[in-house]
2 protein chains.
Amino acid sequence: MAKKKISIKDIAKELGVSITTVSFVINGKAKEKRISDVLTLKVEEYIKEVNYKPSHLAQSLRSGKSKVIVFMVEDISNYFFSTIAKLIEEKAYVNGYKIIYCSTENKPEKAKEMIETFKNRNVDGFIITPTPDLEVTIQELLDEDFPVVLFDRWLPAVDCNYVIIENEKSAADATAYLIKTGCKYVGFVTLDSDQNQMQDRLKGYVKTMLENGFQTNILKMSYEGAISERESIEVIQKFIQTSPKLDSILFATNFLALKGLAALKQLNSQIPSDISIVTFDDHFFFNLYQPKITAIEQPLELIAEKLMEGILLQLKNDNDEAHTMKVVLPTKFHIRESTMKIEKD
Amino acid sequence: MAKKKISIKDIAKELGVSITTVSFVINGKAKEKRISDVLTLKVEEYIKEVNYKPSHLAQSLRSGKSKVIVFMVEDISNYFFSTIAKLIEEKAYVNGYKIIYCSTENKPEKAKEMIETFKNRNVDGFIITPTPDLEVTIQELLDEDFPVVLFDRWLPAVDCNYVIIENEKSAADATAYLIKTGCKYVGFVTLDSDQNQMQDRLKGYVKTMLENGFQTNILKMSYEGAISERESIEVIQKFIQTSPKLDSILFATNFLALKGLAALKQLNSQIPSDISIVTFDDHFFFNLYQPKITAIEQPLELIAEKLMEGILLQLKNDNDEAHTMKVVLPTKFHIRESTMKIEKD
DNA sequence: TTGAAAGCGGTACCAT
DNA sequence: ATGGTACCGCTTTCAA
């Protein structure tokens, strides 16, 4: 019982007018093109009656614009990314754009292929957390005048707009705070990754430790998937036990912290009396955990806002000068129970 | 420095052959159409050289197929949905399909509008968690022969394939388990929702309580957004305190449980000695919480598998009989510390 | 073995 | 004020 899909042609024929007229009415150019009110009304009513909707596909093909923005992140099931996705979607919607999400899983091949696919679908803009090895692809995008904004991390080799946070400063502040509470053996658990947000967090930690005359204790974890849940927990446990006995840990991402908490639980280590904990990326969870976990919160709402601002700016000024918009946002440090050392005097 | 986008026409002209020939080579029909090997090779090499990629847009417009499946859920930032999204994406990929996600926020208008939009983009299939009031829209989709599979909940008024879990049985089993551990005042915290997965969970709880001669204690929460975090926690606290003092609670979704845990923490109620806890939808979190929370796990992997199976089946047999595929999957009950009442003898 | 040409469903320029 | 028509990039039938 498939209703035959009705097209602009059918309408024109049915109403005995030309395709052009119908098109003008559809696109609200009736006044501008001085179509008579009578005709306009007639067309409008018929369109409503048969519930005609123009084909976006054909529109895109013809106009070269699709009103779609791609939001390409490492993993859409990660709370950080999916929350920003939702925020962006709202903002895009208001401006007449749709968002398509996708996950790269941090794989360069997958990212490249998806970018290619989306280019071929006339997507209007890209918001991307770049995988490694993506410089050339992004540069191509830029050369072809696609609006692009990177976020979470960026590519030093490419002159592309981005929105990131103060990674180094945030890590430095967190480390300094731990030291202030009396910690001397601060550990840093991060990913074995070249991504510059990770490098910056590392840098902030290392610098602060050295400035205070302490040795660094660093664990670089393999990527998820490369290693099982159980194994990664064991790795963290080993790290905690073999270093000069750690009195605190700074985790570079929230899922590392989750693993760390699982590891500590199994070891029966008490937080914060045995060991203090701070993590990047706040989460409902950390405020609910017993004890509450001190965390560095990224300003999600603001990130989303700046991303859309960056994209829309480029979208609006096609042939204008490329707008430079490299945004570095501050974070918020939530001090909670996991860093409240019991005073021993 | 925008590279001019090259089209099949450019290739044909450059190589001095016809568009048709190029098209055949691109689509791997060279052999079938008996294009000479020499020509085929020449075209293939040139295509590689200029890195030509056909426009999906034009292909879709012409063929009516887009190789895109929409995954429309209530909230893509919810762990349950985003995990299934990721699983589905993999499976789709293998079969040459892309997935577009979107969130309805359970709003009928938004869902309707998005479905309309996607229809106009020649999307090939729909995987949907229906919002209320979506019967007509879904029926239209079906009438127009779009492949559709519903999940999480379904619409009794529409004869549409779906993949759900044994909601009533799972709730009944969980309730029975609580009773078995000695609970008499079992509370049930759910959403004020007509969605049948919620209704079924409620039914399972009520039935089991009545069968055992106990009174029911039910709290129907307003939807997220309609009420602040703080308010909803207060509502739960009030529920716990005013009923005939509850000795256990079954939460109908994981985010309700999270709120419940926050509420209990503030009340300083001890789990499980003061109150036992069970929740629908397992999560890494529940295994990490102190104490570990007993949970009803949905078989995410299996759900994703069945969903894709259902869609692909319909996709492959366009004009064949509509395949009936209504799948109801079992859940897994993880008994953890939150339901281990200390024996009082 | 290859090519011409008719569309898919629109947009918008140029006539009238 | 309204209509004719070329064209976006590709697929596919039919003809040569």
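No experiment lies behind these values; they were computed from the predicted model shown. In what follows, chains are A, B, ... by sequence order, proteins preceding strands, each numbered from 1.
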Practice task
Describe the nucleic acid contact of B:Ser23 in one word from base, sugar-phosphate, nothing, applying a heavy-atom distance below 4.0 Å.
Solution key: base

Fill in the blank from the handout: The first and last nucleotides of DNA chain D lying within contact of chain B, meaning any atom under 4.0 Å from one of its heavy atoms, run from D:dC8 to D:dT13

Exercise for the section: Determine, for A:Glu74 against A:Lys110, whether the closest basic-nitrogen to carboxylate-oxygen distance falls under 4.0 angstrom. Expected result: no

Problem - Electrostatic pair A:Lys53:B:Glu116 at N-O distance under 4.0 angstrom - result: no

Exercise for the section: Select base, sugar-phosphate, or nothing to describe what B:Ser63 touches, counting heavy atoms under 4.0 Å on all strands. Expected result: nothing

Problem - Rounded interatomic separation in angstrom, taking NZ from A:Lys53 and P from C:dG10 - result: 12 Å

Problem - Euclidean distance, atom CZ of residue B:Arg121 to atom C1' of C:dG10 [Å, nearest integer] - result: 14 Å

Completion exercise
Between A:Thr20 and B:Ile19, whichever has its closest DNA chain C nucleotide further toward 5' is B:Ile19

Exercise for the section: Flag the pair A:Leu313 / A:Asn161 as yes when at least one side-chain heavy-atom distance between them is below 4.5 Å, and no otherwise. Expected result: no

Practice task
In plain terms, say whether B:Asp37 and B:Lys31 are close enough for a salt bridge, that is, a side-chain N and a carboxylate O under 4.0 Å apart.
Solution key: yes

Practice task
Identify the residue among A:Phe126, A:Phe118, A:Phe151, A:Phe81 that makes a ring-ring contact (aromatic ring centres under 6.0 Å, His included) with A:Phe71.
Solution key: A:Phe151

Problem - Residues touching DNA chain D, which here means a heavy atom under 4.0 Å, drawn from residues 26-41 of chain A - result: A:Lys33, A:Arg34, A:Ile35, A:Ser36, A:Leu39

Practice task
Can you tell me the distance, in whole Å, between the CZ atom of A:Arg62 and the C1' atom of C:dG7?
Solution key: 15 Å

Practice task
Find the distance A:Lys9:NZ to C:dA6:P and express it as a whole number of Å.
Solution key: 12 Å

Practice task
Tell me whether the OP1 or OP2 atom of C:dG9 has a side-chain N or O from A:Gln59 closer than 4.0 Å.
Solution key: no

Handout entry: Neighbour count >12 (heavy atoms, 6.0 Å) for atom CG, B:Asp159
Key = no

Practice task
Would you tell me if any nitrogen or oxygen in the side chain of A:Lys65 comes within less than 4.0 Å of OP1 or OP2 on C:dT11?
Solution key: no

Exercise for the section: May I ask you to test the A:Ile164-A:Gln197 pair for a side-chain heavy-atom distance under 4.5 Å? Expected result: no

Problem - Sub-4.5 Å side-chain heavy-atom contact between A:Val149 and A:Gln314 - result: yes

Fill in the blank from the handout: When rounded to whole Å, the NZ to C1' distance for the pair B:Lys13 and C:dA4 reads 16 Å

Practice task
Flag yes if more than 12 heavy atoms outside B:Lys13 fall under 6.0 Å of its NZ atom; otherwise flag no.
Solution key: no

